[in-house]
Amino acid sequence: MKNSLRTLLGATFCWSIASLAVAGEPSVSLSGQFEQETGEQLYSSICQGCHMANGEGAQGAGFYPKLAGNPNLAAKSYPIFVLTHGLGGMPNFKDYLSDKQIAEVINYVRTHFGNHYTDAVTVEDVKIQSQR
């Protein structure tokens with residue numbers, strides 16, 4: 001329960017920062033799912049509040065790993081696992097993003113910020129990995 005509360009508070013903090021960091025606030029449907037569709041829109045609305053606009057991450061009140069040039073992104077199963085299960089202070093986004101949105105934002109991060117991974121994550125990859 002303690003870890004769940006910490007994750008929820010961390011996610012709330014990041015989403016609050018993200019809404020200040022971008023021109024438009026994250027758009028969430030009545031079901032609680034984010035409505036942005038492209039990887040770039042999702043990153044700008046949700047991720048950059050913690051991982052920064054250039055993917056360099058941040059340290060201070062918390063630790064937000066850099067995504068720029070991050071070798072952990074080479075194995076496409078790693079970012080799928082992190083987004084669908086959470087890791088450390090990173091919340092689980094499975095309840096807030098569709099499998100397609102998860103694939104989109106992962107593919108965006110894996111092809112930007114100095115990352116050049118060409119094996120795209122598919123919706124099927126997300127479905128399989130999120131069940132593990």
Are T122 and K127 packed together at the side-chain level, in the sense that at least one heavy-atom pair is separated by less than 4.5 angstrom?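 Contact flag for T122/K127 side chains = no.
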
In this structure, would M90 and L67 fall into the same cluster of hydrophobic residues linked by side-chain contacts under 4.5 Å?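 Cluster IDs for M90 and L67 match.
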
Any chance you could measure [X], atom [atom1], to [Y], atom [atom2], to the nearest 0.5 Å?
X    : Y    : atom1 : atom2 : answer
N107 : E40  : CG    : CD    : 13.5 Å
N92  : L83  : CG    : CG    : 9.0 Å
K66  : F113 : NZ    : CZ    : 12.5 Å
I106 : Q129 : CD1   : CD    : 9.0 Å
Y108 : N115 : OH    : CG    : 11.0 Å
N70  : E56  : CG    : CD    : 10.5 Å

I would like to know whether Y43 and H51 meet side chain to side chain contact (heavy atoms under 4.5 Å, CB included); could you show each step before the answer? CA-CA 9 Å; Y43 185 86; H51 295 284; 3.4 Å; yes

Show, in sequence, the C-alpha distance, side-chain angles and deciding distance for Y117 and L73, and conclude whether the side chain to side chain contact (heavy atoms under 4.5 Å, CB included) test is met. CA-CA 8 Å; Y117 304 111; L73 299 174; 3.7 Å; yes

Would the distance check show the side chain of D99 and the main-chain N or O of V123 forming a donor-acceptor pair, the cut-off being under 3.5 Å?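 Checked: no pair found.
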
Side chain to side chain contact (heavy atoms under 4.5 Å, CB included) between N54 and Q48, intermediate numbers included: CA-CA 8 Å; N54 60 3; Q48 83 174 9; over 6 Å; no

List the steps and the verdict of side chain to side chain contact (heavy atoms under 4.5 Å, CB included) for V105 and F93. CA-CA 11 Å; V105 74; F93 282 93; over 6 Å; no

Which heavy atom of A75 sits nearest a heavy atom of P79, and at what distance?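 Looks like O-CD, 3.2 Å.
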
Heavy-atom closest pair, residues I80 and V126: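 That would be CG2-CA, 3.9 Å.
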
